[in-house]
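See below for the structure under consideration.
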Amino acid sequence: MTLPATPQLPSALLTHSQSALETLVDKAWFQSWSEPMRSQLEYVAGLSQFIVDALVRDDELGALLPDMLQSPERASGYRERLAKLLESSVNEMGGHRVLRQFRNREMVYIAWRDFTQSWALEESLEHLSQLAESMIFEAYRWQYDACCSEWGTPMNARGEAQPMLIIGMGKLGGGELNFSSDIDLIFTYPENGETQGARRSIANAQFFTRLGQRIIKALDQQTFDGFCYRVDMRLRPFGESGPLVMSYAALEDYYQEQGRDWERYAMIKARVMGREMYPEYQELRKMLRPFVFRRYIDFSAIQSLRRMKSMISSEVRRRGLSNNIKLGAGGIREIEFIAQVFQLIRGGREPSLRGRGLLETLQAIDELDLLQCGEVAELQQAYAYLRRLENLLQAMADKQTQTLPDGDLEQLKLATAMGHENWDTLTQHTRQHMANVHKVFEALIGYDEEECGESIAKHFHELWDMADKDDVIDHILQQDLNIVEPESQRSVITRFKQDLAKKTLGPRGREVLNRLMPKVFEAIYQHPDAQFGLPRVLHLLHNIVTRTTYLELLDEHPAALVQLVRLCTASPMISEQLSRYPILLDELIDPQHLYHPIELDAYRSELRDYLARIPEDDMEQQMEALRQFKQICILKIAAADIAGVLPVMKVSDHLTYLAEAIVEAVVHQAWQQMAEKYGEPTHVKDREGKGFAVVGYGKVGGWELGYNSDLDIVFMHDCPASVYTDGKKEIDGRQFYLRLAQRIIHIFSTRTASGILYEVDTRLRPSGASGLLVSPTDAFDEYQHQDAWTWEHQALVRARMIYGDAPLQEAFAATRHDILGLERDPAKLKDDVVKMRIKMRDHLGGKKAGRFMLKQDQGGITDIEFLAQYLVLKESHATPKLTRWSDNVRIFESLMAQGVMEEVDAMAITQAYTTMRDQIHHRNLLNLDADVADDRFVGERQQVTRLWNQWLGEQ
């Protein structure tokens, strides 16, 4: 291939070029270059610092480049050449170096041909996209093999090896990547299963999460050789909070049930990298198509795109992005929106509109006569001009920018590269193209109504703008908002604004805040309990105000702001949680999702998925993730509770199932750490499970957890005395279980950035605080039969195993059934129970004059619990079915069913119990103590006291 004639540099750039060449003329390869090559180097060195820097760093590139430039195209050989280079790399560091050098050399080739105008824009975009796809896919293949050698090959239930498919989004998916772009990716795999071929198998989800993390590291990590691409995974389901990798089934469920408008737009360009390798590709595309392209003509897309464009316009104004050829009026993004409108509205009916590339879509729009004559041609010309301008702008220094430069030298470089005589000519052409685009965009999409009109009443703006003027605030509160006594609310508002003056906010933060606060006031004062919501919401904002991202979230998602106000107004507990852990604000974006807690039987699987995105060996992040998962779940449970979606019994069920899932995850984490250090006790090698159990007492044992409940738990194992572990550092098996329990308590109680997980109380174990932390099952049985006090048998009524494998489940159930079914001396049992109740009431009850303590005072919840325990211990020897349940409500149902208690009495005490528990739940939400005025619950207390006196005598 003959090199094209080299354009001439203006004199100002010639001096700049000669200065750059001084760093290259002494290179050995420079002397071997032909005169035409040197002439071209002089030209591009005056325009691109990136090319100069690459040649300075990489002598081998200088030797290779002349031959590279003789080839009219290189994209078809990318994959094969890169695969060979990666095969020869001896370790991960070597592979990273191969990837970075390969990328830099091919980018120099692309930039060189861009600056010398020796190919068309389409060829440049194709090479950029093919290069990225080749690097992504070959990095995947390299790391897939490495992961399989470590953890085995992921298989489905039929024993078929499972690949991971990498979906390229945006310009990468459309085959129109720009020079210095991020790459937006989504990872997925066909089916769940486990790995095969390694010493220990792991779940496919875990394998692919680790694989995905390695691929991101291979491409994104900054090393001595630079990096390949900034990898952005935020387009995946649930964004940054979602699992890194999802199965086809999970992906389909998400897009069918929760997919949002912007995800439809993003998915138009989705393309599987290296897709010809996979028969599974067609299955995935077929699955996603109904989500993207509706069967009917979908005009709702226009309003959605209007809202998106309005948000982008706000971002442009907020960040001061003037002269931005992508996001500005008439920029590349508006051309993309125009194409997407037709794809989304008509793509379900018109196959020609389902293409990923923008230029092919514009061609289809023209052929279908969907725009006026000449408009498509104007869009095509503008797109070609602006994309070439964008590529050259980025190739000057390999920087991700779409903003035209301010400096004279950079302006001259860009004008010269574009073939213009001067900067004024370039700006004139640019403005004309952008004006042509914006005219079409405005006619087709227009503006969001909210963007044009005043959506927030004037007085809410004034309430914020005039927050330092007491008389003005009083007038607005009284006259406009009808607040009878405005002084306290005025002081909250003025103090909030005064406190903000002490914060370091920066221009972006202040601008967002000024736009957000009128919306905040509007949301607060639309609520009937604004006097409670105002201080709580402002306190929360004060805590997060320096984190502009959260302010922007509330500004850009009105529904999230409404939910924030609603929840904070209803519950100071929730407002404090949100203030302390603002990551929870993300949960407010989707109200439908917020008010529907996880299904009871799904907590374990949801938690496993949540933890799967974090490396198992990153203990700190695993512990943090456990706490975040708990907070997110409790927020959803409390939101549903406040909304009246969940009755009190269901609230406790959710809190209990959540705790059980967390206990299982904590045991798993602790076991992994212990096994890594000591190996595993040999008696569990040939069986399922860990030979370990966690018994829940009290509220967790009775499915009656509240928002602030501790966990009363006891640890058990079935390890024979002669067993040892099989690790390099061998220890006695029972010592292993002791250390396991200590590690579990550590994971629960360590305070991280997100607080502690649960307060854990293990004092109900045999012999209390002085006894063994972990009891062998036979020792537990012996203690319960020979040494336990009556109150310990009472506690056993409300006990159940919340984690453990089958042999321990059976052993505990047998012990509990035997103990509860013992025939007891009725007089001694009654005396023991009454004495213990009196002791508790003397110690804990009657502490507040004129107040009824819902739990400890006479006629309260503890009386009900003691009565249930007493009747189970008294009657179970004759009616063994009474031992089945550990929660009070079903105990009273059993007592009624077995004829021990009259139906009217069982119903009355159950109603008293649930009513008082409901009150405690709601007082927890309000951060109030569990006591009420003495004239409350009089009827319920009388019923409880009557039944206590009937069975246990006068109190």
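None of the values given here were measured: they were computed from a predicted structure.
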Show the numbers, then the answer: is there a salt bridge (Lys or Arg N to Asp or Glu O under 4.0 Å) between Arg214 and Glu150?
-> CA-CA 13 Å; Arg214 287 195 178 187; Glu150 287 188 55; 2.5 Å; yes

Count the heavy atoms of every other residue, nucleotide or ligand shown that sit under 6.0 Å from CZ of Phe812, and state whether that count exceeds 12.
-> yes

Pair Phe715 + Tyr737: ring centers closer than 6.0 Å = no

Inspect the contact between Arg687 and Asp805 and indicate whether a charged nitrogen and a carboxylate oxygen are less than 4.0 angstrom apart.
-> yes

Whether Gln673 side chain and Arg743 backbone form a donor-acceptor pair below 3.5 Å | no

Residues Arg608 and Ser605: side-chain donor-acceptor under 3.5 angstrom | no

From CD1 (Ile713) to OH (Tyr803), nearest 0.5 Å | 13.0 Å

Specify the closest pair of heavy atoms between Leu773 and Ala741, including all atoms of both residues, with the distance to one decimal.
-> CD2-CB, 3.8 Å

Any ion pair linking Asp726 and Lys685 (charged N to carboxylate O, less than 4.0 Å)?
-> yes

Counting only heavy atoms not in Glu823, do more than 12 fall under 6.0 Å of its CD?
-> no

Could you tell me whether Arg800 sits above the aromatic face of Trp885, with NZ or CZ closer than 6.0 angstrom to the six-membered ring centre and within 45 degrees of the axis?
-> no

Taking the six-membered ring of Tyr758, is NZ or CZ of Lys630 closer than 6.0 Å to its centre and within 45° of its axis?
-> yes

Check against side chain to side chain donor-acceptor pair (under 3.5 Å), Glu624 and Thr752 | CA-CA 6 Å; Glu624 182 70 6; Thr752 73; 2.6 Å; yes

Side-chain donor or acceptor of Arg613 paired with backbone N/O of Tyr610 under 3.5 Å | yes

Does the gap between the ring centers of Trp671 and Phe736 come in under 6.0 Å?
-> yes

So OG of Ser247 and CD of Glu191: to nearest 0.5 Å the spacing works out to 9.0 Å

Hey, does the Lys NZ or Arg CZ of Arg210 hover above the aromatic six-ring of Trp151, less than 6.0 Å from the centre and inside 45° of the axis?
-> yes

For Asp718 and His683, what are the C-alpha separation, side-chain angles and deciding distance, and is it a side chain to side chain donor-acceptor pair (under 3.5 Å)?
-> CA-CA 9 Å; Asp718 61 0; His683 78 294; 3.2 Å; yes

Are any of the side-chain nitrogens in Glu138 or Arg141 under 4.0 Å away from the carboxylate oxygens of its partner?
-> yes

Ion pair present between Asp232 and Arg234, side-chain N to carboxylate O less than 4.0 angstrom?
-> yes

Answer with yes or no after comparing the ring centroid distance for Tyr783 and Phe780 against a 6.0 Å cut-off, counting only values under it.
-> no

Enclosure of Glu759 CD (heavy-atom neighbours >12, cutoff 6.0 Å) = no

Do Leu244 and Met233 come within less than 4.5 Å of each other through their side chains, counting heavy atoms only?
-> yes

Side-chain donor-acceptor pair present, His717, Ser775, cut-off under 3.5 Å | no

Knowing that exactly one of Lys728, Lys729, Arg739 qualifies, which makes a side-chain hydrogen bond (donor to acceptor under 3.5 Å, both in side chains) with Tyr678?
-> Arg739

Side chain to side chain, Glu194 and Ile202, heavy atoms closer than 4.5 Å = no

Might you confirm whether atom CD of Gln222 has over 12 heavy atoms from other residues, nucleotides or ligands at distances under 6.0 Å?
-> yes

Might you confirm whether atom CD of Glu92 has over 12 heavy atoms from other residues, nucleotides or ligands at distances under 6.0 Å?
-> yes

The ring pair (Phe, Tyr, Trp, His ring centres under 6.0 Å) partner of Phe208 among Phe187, Tyr140, Tyr189 is Tyr189

Near Glu676 CD, under 6.0 Å, is it more than 12 heavy atoms from other residues, nucleotides or ligands?
-> no

